[in-house]
Amino acid sequence: MLRDHRQFRSGLGAGYTRVPEHGNNYPLVDSDPPRHTRVRRSVQSEFGREAMERLRPVVRATAVGLVEAAVAAGQFDAVSFFASPLPDLSTRLLTGIEPPDSLRMRVWANAVGQLHGPDLDPLERNLVSQAFDWLLDEGVPALPKHCMGRRVMEDGGTNGALAESERLTTLFSLWLAGVDSSSGLIGNAVNAFAEFPEEWDAVVADPGLIPNAVEEVLRWDSPLRSVYRRTTADVDIDGVVVPADADVCVLIPPANRDPRRFTDPDRLDIRRVDARAHLALGTSIHLCVGAPLARMEAIELLTALARRVRRIERTAPAVRAASQTMSKFESLPVRLVTR
């Protein structure tokens, strides 16, 4: 379904509630070709290899600093030490948006994630509106020269293809949606290696496994729980005829642990040869545009941890965030046993 945008469209919304009902349209996710193609091309190069390599030294240095601070702390919350600050910094460097503070950024990003789920709390809707207002009134006017934010808002992206009505919502989704996914990936990675210490032993012994380990973490514990599509005509799904204009929910975690696709799917295996076949960051034309940034952040953090840490241990029960759309942690108390 995710690879067939002709029969399963996103233009009416990629969340539980359709765009006409909740009133928020994010051009990168709530659109179909040719609009989607035009919008994506306007920002695609911002996440290309060259752009990521420019960011890498700062992300790497920050990851090393965070790990050193965590080692010094002894016991700490991996969400507040790792999962929040690293994506916050990367997104700030990439977009040029300087948020009022990390806590508010986290609250806003969580509200944006909830916007795509059922039973949206009015409080969450108000938080999304608050974030939009702040970005328009304070964030955009304070953007530095020659940053992605200015290119989107003033030039319509790198190719000038964004309509004026699309610019703020495009920048908004790149800003907050990206933070939520990256934060979820980092927290889930720390939890995964606390759960499977033998896999962490393998990472420490061979850091060259880290890129594939990130893919396996994405498969084993996807930050994204679900996405929605709407059918354009009657369609047969495994012998069941789904009528036209139906809402279809794709559950990402079960797909990533499908035993017909992955051997021993409930086990974390960082040497899994097909780990990258997961759907955690989308696929086809709706592959997450920020995927290179999320991967880079996770790789640099795990690399910094592998140099210093022999074991990651939970010190108290972890608390999952109360989100119907994202699989992430509210708190993840751990300690690091150094090498």
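Count residues from 1 along the sequence.
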For the residue pair [X] and [Y], establish whether any side-chain heavy-atom pair is separated by less than 4.5 Å.
X: T303; Y: P207; value: no
X: R229; Y: L12; value: no
X: D234; Y: V242; value: no
X: L281; Y: P223; value: no
X: V241; Y: V235; value: no
X: I285; Y: P33; value: yes

Pairing residues for [X] by the ring-ring contact (aromatic ring centres under 6.0 Å, His included) criterion, not counting sequence neighbours:
X: F132; answer: F172
X: F81; answer: F76
X: F8; answer: none

Rounded to the nearest 0.5 Å, how far apart are [atom1] of [X] and [atom2] of [Y]?
X: R56; Y: E300; atom1: CZ; atom2: CD; answer: 5.0 Å
X: L168; Y: L162; atom1: CG; atom2: CG; answer: 11.5 Å
X: M153; Y: L171; atom1: CE; atom2: CG; answer: 6.5 Å
X: I97; Y: T91; atom1: CD1; atom2: OG1; answer: 8.5 Å
X: L302; Y: E297; atom1: CG; atom2: CD; answer: 11.5 Å
X: L301; Y: R60; atom1: CG; atom2: CZ; answer: 12.5 Å

Contacts of type side-chain hydrogen bond (donor to acceptor under 3.5 Å, both in side chains), residue [X], not counting sequence neighbours:
X: R106; answer: none
X: R310; answer: none
X: E50; answer: R54
X: S84; answer: none

Handout entry: Identified side-chain hydrogen bond (donor to acceptor under 3.5 Å, both in side chains) counterpart of R230 within the set D247, D32, D245
Key =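 It is D247; the other options fail the test.
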Which heavy-atom pair separates [X] from [Y] by the least distance, and what is that distance?
X: T263; Y: R272; answer: O-NH1, 2.6 Å
X: P27; Y: T169; answer: CD-OG1, 3.4 Å
X: G13; Y: D30; answer: CA-OD1, 3.4 Å
X: L127; Y: A111; answer: CB-CB, 3.7 Å
X: P87; Y: F82; answer: CD-O, 3.9 Å
X: P211; Y: G208; answer: CD-O, 3.5 Å

Practice task
Would you please say whether a donor-acceptor pair under 3.5 Å links the side chains of D221 and S327?
Solution key: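 Indeed, the side chains of D221 and S327 share at least one donor-acceptor pair under 3.5 Å.
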Handout entry: Polar contact flag, side-chain donor to acceptor under 3.5 angstrom, D4-Q7
Key =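 Per modelled atom types, D4 and Q7 side chains form a pair under 3.5 Å.
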Answer yes or no: is there a donor N or O on one side and an acceptor on the other, between the side chain of [X] and the main chain of [Y], under 3.5 Å?
X: W200; Y: V309; value: yes
X: W220; Y: D266; value: yes
X: S226; Y: V250; value: no

Problem - Joint cluster assignment, L55 & L86, ILVMFWY side-chain distance < 4.5 Å - result: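 Yes, L55 and L86 fall within the same hydrophobic cluster.
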Practice task
Would you kindly confirm whether M1 and L251 end up in one hydrophobic cluster when ILVMFWY residues are joined by side chain heavy atoms under 4.5 Å apart?
Solution key: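 Shared cluster, no.
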Can you list, pair by pair, the side-chain donor-acceptor contacts under 3.5 Å of residues 331-339, counting residues two or more places apart and other chains?
| from | atom 1 | to | atom 2 | distance (Å) |
| --- | --- | --- | --- | --- |
| R335 | NE | E313 | OE1 | 2.9 |
| R339 | NH1 | A306 | O | 2.8 |

Residues 286-294, side-chain donor-acceptor partners within the protein, below 3.5 Å, at least two apart:
| from | atom 1 | to | atom 2 | distance (Å) |
| --- | --- | --- | --- | --- |
| H286 | ND1 | H36 | NE2 | 3.4 |
| H286 | NE2 | S10 | OG | 3.3 |
| H286 | NE2 | S31 | O | 3.3 |

Identify whether the distance between the nearest side-chain nitrogen and carboxylate oxygen of [X] and [Y] falls below 4.0 Å.
X: D274; Y: R261; result: yes
X: E166; Y: R35; result: yes
X: K328; Y: D180; result: yes
X: E199; Y: R271; result: no
X: R267; Y: D269; result: yes

Practice task
Can you run down the salt bridge (Lys or Arg N to Asp or Glu O under 4.0 Å) pairs that involve residues 76-93, sequence neighbours left out, and say none if there aren't any?
Solution key: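 Output for this query lists R92-E98.
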Problem - Residue pairs fulfilling salt bridge (Lys or Arg N to Asp or Glu O under 4.0 Å) with at least one residue in residues 168-177, sequence neighbours excluded - result: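 Non-adjacent pairs meeting salt bridge (Lys or Arg N to Asp or Glu O under 4.0 Å): zero.
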Exercise for the section: Please name all residues satisfying salt bridge (charged side-chain N to carboxylate O under 4.0 Å, His left out) with E215, sequence neighbours left out, ordered by chain then number. Expected result: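 Partners of E215 by the salt bridge (charged side-chain N to carboxylate O under 4.0 Å, His left out) criterion, ordered by chain and then number, come out as R276, R295.
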Practice task
Step by step, work out the side-chain contact (heavy atoms from CB on, under 4.5 Å) result for Y26 and V19.
Solution key: CA-CA 9 Å; Y26 298 101; V19 167; over 6 Å; no
Problem - Trace of the side-chain contact (heavy atoms from CB on, under 4.5 Å) decision for V203 with F193 - result: CA-CA 10 Å; V203 168; F193 288 115; 4.0 Å; yes
Handout entry: Stepwise side-chain contact (heavy atoms from CB on, under 4.5 Å) check, W175 with L135
Key = CA-CA 10 Å; W175 174 45; L135 181 61; 4.1 Å; yes
Practice task
Mark yes when over 12 heavy atoms from residues, nucleotides or ligands other than E198 sit less than 6.0 Å from its CD; otherwise mark no.
Solution key: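 Enclosed: over 12 neighbouring heavy atoms sit under 6.0 Å from CD of E198.
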Practice task
Verify the neighbour count for atom CZ of R320: are there more than 12 heavy atoms of other residues, nucleotides or ligands below 6.0 Å?
Solution key: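 Buried by this count: over 12 neighbours within 6.0 Å.
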Practice task
Start with the C-alpha distance between M326 and R225, add both sets of side-chain angles, then the distance that settles side-chain contact (heavy atoms from CB on, under 4.5 Å), and finish with yes or no.
Solution key: CA-CA 5 Å; M326 301 297 295; R225 292 185 188 275; 5.7 Å; no
